[in-house]
Amino acid sequence: MSEHDIADATSDASLARSVARSHQIEELLATDPGRFRVLTGDRPTGRLHIGHYFGSHANRVRLQNMGVEQFNLIADYQVIYDRDGVGEIRDNVLNALADYVGMGIDPARTTVFTHSSIPALNQLLLPFLAVTTDSELRRNPTVKDELAGSARPMSGLMLTFPVHQAADILFCKANLVPVGKDQLPHIELTRTIARRFDERYGRAVPESPVFPQADALLSEVPLLLGMDGTKMSKSKGNTIEIGMDADTTARLIKRAVTDSDRHITFDPSGRPEVSNLVQLAALCLGRAPEDVAEELGDAGGGGLKKLVTEAVNEFFAPVRERRAEAIADPAQLWAILADGNARANEVAEQTLAEVRQAMQMDY
Ligand code: TRP
């Protein structure tokens with residue numbers, strides 16, 4: 001076995017462990033949602049799209065509605081780690097708030113907040129940076145990609161963003177973070193930081209650590225591609241946004257890439273573009289993609305697109321209606337954020353007080 005194979009085998013084993021643990025947690029969630037606190041987040045660099053919805057936000061709403069306490073971060077300080085300036089930050093934050101309300105996030109139950117409004121969260125970065133090494137950071141897959149692939153010099157914030165994410169998770173003592181498998185290294189680092197903090201500065205009573213060991217919650221959502229058949233991503237302009245109207249949605253789906261075989265099948269590796277559209281219709285219709293493909297039969301690309309358009313527009317109609325109502329009243333959205341920030345600040349100040357006490361710096 002080469003070194004590379006060994007690394008792969010190790011990560012396969014740890015992935016299998018995480019999958020098993022997620023199944024276990026799903027069972028616990030069903031019977032005892034009160035034992036979990038969830039932290040999730042989004043970078044406000046653009047609009048949320050249907051890939052975000054099916055990949056993450058639908059699951060957040062599910063957890064919220066099960067009675068799990070949830071903190072939802074609009075990660076505005078993450079916007080500045082890989083670009084100059086802040087972009088349309090106020091507009092992006094406002095639209096994220098409207099998307100949340102549209103998708104069913106209930107601000108009375110889920111604490112919605114922004115990084116920059118929570119000084120005590122950000123202060124956790126200092127002791128956390130002290131227990132993290134630069135080689136751990138350079139090994140992080142996201143940082144590594146950035147180092148290898150980016151034309152711009154890496155900022156110090158980019159290098160240390162996994163530590164900042166650990167602060168996002170630990171300031172509210174979240175013990176559960178819904179993620180995709182590519183995010184597992186972040187959760188692992190968060191666990192390491194939590195453990196090291198307690199080893200180095202922790203309380204006199206080792207059985208009562210300041211920070212919990214957070215678990216990842218992996219979900220089995222299929223990856224949605226963009227309308228051009230490549231990864232759906234706001235930077236590529238191939239997304240269908242949550243807030244788009246029905247006509248724009250229809251136009252984008254009409255332009256989607258398909259192939260010349262009129263017989264529709266669900267074959268993600270052989271026919272990725274067609275299968276992606278089948279998948280999207282299936283998600284909106286709550287049906288199995290194989291069934292949707294079979295029913296379409298020889299309908300061709302045109303028939304497929306017609307079905308997808310109807311399914312997407314129908315599924316998102318109530319979401320879009322709620323969203324439109326929300327964005328019509330920006331003052332109300334800013335009030336929701338102010339409320340969430342007040343709650344997050346209370347929690348962050350409490351945690352920071354414990355941290356300073358553990359470190360004997362509570363003068
Ligand atoms: N990086 C996440 C994104 O791009 C947002 C985020 C910030 C996050 N801090 C987090 C997610 C902590 C999980 C845990 O959407």
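Excluded from the calculations below are hydrogen atoms, water molecules and symmetry mates; all remaining heavy atoms, backbone and side chain alike, are included. First listed ligand is number 1; within each ligand, the first listed atom is number 1. Heads up: numbering here begins at 1 and tracks the sequence.
- In Val179, neither the side chain nor the backbone holds a heavy atom less than 4.0 Å from any atom of ligand 1.
- Look at Glu26 and Arg62 and you find a salt bridge, because one of the NZ, NE, NH1 or NH2 atoms lies within 4.0 Å of a carboxylate O, short of that distance.
- Close approach of ligand 1 to Ala75 is summarised as follows: ligand atoms under 4.0 Å from at least one heavy atom of the residue are 7 (C).
- Checked for salt-bridge contact, Glu136 and Arg196 meet the test: a charged N lies under 4.0 Å from a carboxylate O.
- For ligand 1, one of its N or O atoms has an N or O atom of Gln78 under 3.5 Å away.
- Here Asp228 does not pair with Lys236 in a salt bridge; the nearest charged N to carboxylate O distance is not below 4.0 Å.
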Evaluation steps, side-chain hydrogen bond (donor to acceptor under 3.5 Å, both in side chains), between His115 and Asn122: CA-CA 8 Å; His115 265 149; Asn122 295 297; 5.2 Å; no
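- For ligand 1 and Leu39, the ligand atoms under 4.0 Å from any heavy atom of the residue are 12 (C), 14 (C).
- In this structure, the side chains of Phe36 and Leu28 come closer than 4.5 Å at one or more pairs of heavy atoms.
- In this structure, the protein non-hydrogen atom closest to atom 9 (N) of ligand 1 is Asp168 OD2, 2.6 Å.
- Side-chain atoms of Asp99 and His57 form no donor-acceptor pair, as typed in the model, at a separation below 3.5 Å.
- Distance from atom 6 (C) of ligand 1 to its nearest protein heavy atom, with residue and atom name: Gln165 OE1, 3.5 Å.
- Looking at ligand 1, you won't find any N or O of Thr40 less than 3.5 Å from one of its N or O atoms.
- Considering backbone and side-chain atoms together, Asp42 places no N or O closer than 3.5 Å to any N or O of ligand 1.
- Contact annotation: for His164 versus ligand 1, there are no heavy atoms closer than 4.0 Å.
- Within the listing of ligand 1, atoms 5 (C), 11 (C), 15 (O) sit less than 4.0 angstrom from a heavy atom of Gly41.
- The nearest protein atom to atom 13 (C) of ligand 1, hydrogens excluded, is given as Val177 CG1, 4.0 Å; this is a heavy-atom distance.
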